[in-house]
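Shown next, in structure tokens, is the structure this report addresses.
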Amino acid sequence: MKLEHVLAGFLPDSRGHDGLVLAELLSAQAGARLSVATIQPPPWSTPGPGRADESAWRAYLLEQVEAGFEEARKRVGEHAAFVSHFHRGSGRGLVEVAREIGADVIVIGSGPRGAKARISLGSTADQLLHASPVPVLLTPKGYAENPPARIERLTVAYRRAPSCDAALAVAAATAVTLAVPLRLVTLVVGASRARIEQDMLEGLRAQAMTDLERAASSRRPEVAVETLEGRNVAQAMGGTDWLDGELIVLASSGSGPLRRVFLGDTSVKIIRAAPRPVLVLPRQPSGSRQTVTK
């Protein structure tokens, strides 16, 4: 996974600022460019509100966008690029912008519903999580109110499968780029006293080290392994400590299209229970090798 260009989807509200703060944090730590995009519905082909003609309505929309960008500049300064794009679907519009500018990751805030410090999947996230060709980073509600000073660790939700092994290589390269340690957690759900054999943990650690070696670098991140147990996903996710600057990494479903984000039911449950931002990776070809790019 490259981290040379970060794209933040932005609206001038608390959700937009949540995603913007995380996008700035990520871009600064990776030494990447930052672009901020607002997606607006296309101008009406017939007179719009107040009987304004199409050109006047378009000018009004652009004025609203620029007012929002002024808010964004107060947080990120002038070093970011600002993009306005018209599309009927905000998520699909962000995908188009990402392709046009060559963005490596799309960052958005939580949907309008849901609890503070949790992620709610709105229409924008739904479109991105079924079609994006680049990773999607989802930000919990209220993240901008007390953001961490830096990203501190990547935690991969891991299960032994080709799709997860490929995603692990991507996560390892990303951990090197960000100069943070890497942790693997496996969720054991549905049994009150699940028994996990030691060789399973040994296998996870060996696989992690193999993929880290493939992400060849003079500085490899540390690897920790944990199993999280509970009656359901939410309870299991609450069974460990999360750093303030943690990012949770999810692989796309192995049944989805290659190089596209596509989630299964368990991944959706993890996102909704996650207390930290979640980075969803597109499905990678099995056995793909990742290089560290900064």
Side-chain angles (χ1 to χ4, degrees), residues 6-23 26 35-45 48-49 57-58 60-62 64-65 67-69 71-72 82-101 103 105-144 233-234 248 250-253 255-257 259-283:
V6 177
L7 173 63
F10 180 77
L11 287 175
D13 58 17
S14 59
R15 295 170 293 155
H17 286 289
D18 288 337
L20 182 62
V21 165
L22 180 55
L26 179 65
S35 290
V36 182
T38 290
I39 309 300
Q40 290 282 345
W44 294 20
S45 58
W57 181 238
R58 180 185 289 267
Y60 169 76
L61 290 177
L62 292 177
Q64 295 298 105
V65 169
F69 283 162
E71 285 192 30
F82 294 86
V83 181
S84 175
H85 187 73
F86 290 101
H87 200 286
R88 293 186 183 278
S90 54
R92 291 187 291 272
L94 285 172
V95 168
E96 288 187 358
V97 172
R99 285 176 173 147
E100 289 172 5
I101 68 175
V105 60
I106 300 172
V107 187
I108 63 170
S110 176
R113 300 175 182 174
K116 188 174 181 180
R118 290 293 185 270
I119 297 168
S120 174
L121 299 178
S123 59
T124 301
D126 185 65
Q127 292 171 22
L128 288 172
L129 295 177
H130 288 86
S132 178
V134 299
V136 177
L137 182 53
L138 305 167
T139 315
K141 187 175 182 180
Y143 191 82
V233 169
I248 300 169
L250 283 182
S252 284
S253 170
S255 60
R259 304 197 186 282
R260 291 290 185 275
V261 169
F262 191 85
L263 292 184
D265 291 341
T266 300
S267 293
V268 171
K269 292 176 182 178
I270 290 174
I271 289 173
R272 289 174 173 161
R276 297 293 184 269
V278 177
L279 178 66
V280 185
L281 302 176
R283 182 185 167 205

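Residues S267 and V280 fail the side-chain proximity criterion, which asks for heavy atoms closer than 4.5 Å. Using a 4.5 Å heavy-atom cutoff, the side chains of V6 and L137 are not in contact. V95 places a side-chain heavy atom less than 4.5 Å from the side chain of P133. No side-chain heavy atom of S90 sits under 4.5 Å from any side-chain heavy atom of L128. Residues L129 and I271 have side chains in contact (heavy-atom distance under 4.5 Å, counting atoms from C-beta outward). The shortest side-chain heavy-atom distance between V97 and I39 falls under the 4.5 Å cut-off.
Ring geometry for H17 against F10 counts as perpendicular: the plane angle is over 60°, on a 0 to 90° scale with 30° as the lower cut.
Looking at every heavy atom in both residues, A234 comes nearest to A273 through CA-CB, 3.7 Å. What you find for A125 and L138 is that their closest heavy atoms are CB-CD2, 4.2 Å. Heavy-atom minimum distance, A103 versus V134: O-CG1, 3.5 Å. The two residues L22 and P277 have their closest heavy-atom pair at CD2-CB, 3.6 Å. Closest non-hydrogen pair, D18 versus G142, comes out as OD2-N, 2.9 Å. Taking every heavy atom of both residues into account, G9 and L94 meet most closely at CA-CD2, 3.8 Å.
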Donor-acceptor contacts under 3.5 Å from residues 107-121 side chains, at least two apart:
unit_1, atom_1, unit_2, atom_2, d
S110, OG, S120, N, 2.7
S110, OG, S120, O, 3.4
K116, NZ, E145, OE1, 2.6
S120, OG, R113, O, 2.9

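Annotation: side-chain contact (heavy atoms from CB on, under 4.5 Å) contacts of R92 (sequence neighbours excluded): H87, Q127. Listed by chain and residue number, L11, R15 satisfy the side-chain contact (heavy atoms from CB on, under 4.5 Å) test with D13 (two or more places apart in sequence, or in another chain). In this structure S35 satisfies the side-chain contact (heavy atoms from CB on, under 4.5 Å) test together with H5, L7, A81, I101, sequence neighbours excluded. By the side-chain hydrogen bond (donor to acceptor under 3.5 Å, both in side chains) test, T38 pairs with no residue at all, sequence neighbours left out.
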